[in-house]
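Notes for the one structure printed next.
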Amino acid sequence: MSKLVGGCDDEDELAKLHSASRDWGFFQVWLIKYHVKIQVINHGVPDKVILKMKADIQEFFSRPLQEKMECAQLPSDIQGYGQAFVVSVEQKLDWGDMLYILAQPQDVRNMRFWPRVPSSFRATLIQYSIELEKLKGILLSSMARNLGLEPEKLLTLFEEGVQGVRMNYYPPCKQASKVIGISPHTDVVGLTLLTQVNEVQGLQIKKDGKWIPVDPVPGAFIVNVGDVIEIMSNGEYKSIEHRVVVNPEKERLSIAAFHNSNRNAVIGPLPDILSKEQKKRAPNYKSISYQEFLKLGQKATLEGKEKGLAHHLKIETEAAQ
Ligand code: OGA
Ligand code: NI
């Protein structure tokens, strides 16, 4: 990562990022070098920020239910403590609890859902979310270069975009094969930055029809291209289906930070990509407003559309059929 900070032109690193985004849609970033750069520009030590975030999350989920319920979800909001996507009492739920909070930009925060215990939680999450915004910026500008765009292009589209942080707690289950931590889905956002909090494996991604486990690597972030980047790149980068399986003996925790484009952005293949190398390419996806995209996203999530919104908005051409 350090080779990509500040818009350096390291061809090798840019090429690696490009093939990871294009061929996998999922990759891990080691922060060992990256945090050195952050120290240089005086933003503290991200290692500490990550460790503190992990500790506070573990503490929160270990509190008595009654305490956690102080941040409980409300019918009108997707934020808070509870379970994901509960639509009926008959539904089989995913095997996990979550705390979902909108952390950035500041104007979207609703402190009602932010835990008071542990007492450091709020400050820790703010710190964490600021550091992730920086990482998002580095990744987006490098991706833009790789896609043949102006380096600022994706940054501008994602500036002031909402960052939602979903903190997941998966209890162990003796009959692990009978439950699922998170059902197969793609992330209906731009870019997800995921931390596996403890060393328990559970995340799996689909590659060539097979489920592949992603091993936890201490100090690494998992980067996941979401539906929005797939659409904007006209399909060059892929939003990959993934799921979480449950461990029979050990609990598992993770933190997924979802980065959305800004609220005025049109979600569609970028004109600069369609006219790359002076060739006019056909758009592979429909273009819609951010608001329409959000509505579709909620619907797709409730209906459990595994292939996600990029798939939903795909324009089927005769050649592709
Ligand atoms: C998610 C997700 C994976 C994990 O929250 O969208 O895919 O490892 N989480 O918890
Ligand atoms: Ni996901």
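Atoms within a ligand are numbered from 1 in the order they appear, just like the ligands themselves. The figures that follow rest on heavy atoms only: side chains count, while hydrogens, waters and symmetry mates do not.
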Go through the side-chain N and O atoms of Y81 and D97 and say whether any donor and acceptor fall under 3.5 Å apart. yes

Can you list the ligand 1 atoms lying under 4.0 Å from a non-hydrogen atom of A256? 5 (O)

L203 neighbourhood, listing ligand 1 atoms whose heavy-atom distance to it stays under 4.0 Å: 3 (C), 8 (O)

Which ligand 1 atoms are under 4.0 Å away from a heavy-atom of Y170? 4 (C), 10 (O)

Looking only at protein heavy atoms, which one is nearest to atom 8 (O) of ligand 1, and what is the separation? R252 NH2, 2.8 Å

Kindly assign one of parallel, tilted or perpendicular to the pair F61 and Y169, based on the angle between their ring planes and the thresholds 30° and 60°. parallel

Is it the side chain, the backbone, both or neither of L194 that has a heavy atom closer than 4.0 Å to ligand 1? side chain

When you compare ligand 1 with Q196, is there at least one nitrogen or oxygen pair between them that comes in under 3.5 angstrom? no

What is the nearest protein non-hydrogen atom to atom 6 (O) of ligand 1, stated with its residue, atom name and distance? H185 NE2, 3.1 Å

Hey, which N, O or S atom on D187 ends up closest to the Ni ion (ligand 2)? OD1

May I ask you to identify the nearest protein heavy atom to atom 3 (C) of ligand 1, giving residue, atom name and distance to one decimal place in Å? V244 CG2, 3.5 Å

What part of D187, side chain, backbone, both or neither, has a heavy atom within less than 4.0 angstrom of ligand 1? side chain

Kindly indicate, with the supporting measurements, whether the criterion side-chain contact (heavy atoms from CB on, under 4.5 Å) is fulfilled by N110 and Q79. CA-CA 9 Å; N110 181 347; Q79 293 187 81; 4.0 Å; yes

When you compare the side chains of R263 and Q291, does any donor N or O come within less than 3.5 Å of an acceptor on the partner? no

Distance under 4.0 Å to a non-hydrogen atom of F258: what atoms of ligand 1 satisfy this? 1 (C), 5 (O), 6 (O)

Looking from the Ni ion (ligand 2), what is the angle between NE2 on H185 and NE2 on H242, to the nearest 10°? 90°

Donor + acceptor pair across side chains of K54, T195 (<3.5 Å): no

Under 4.0 Å from a heavy atom of I182: which atoms of ligand 1 are those, numbered in the order shown and with their elements? 1 (C), 2 (C), 5 (O), 9 (N)

Side chain proximity check, Y170 to S254, heavy atoms < 4.5 angstrom: yes

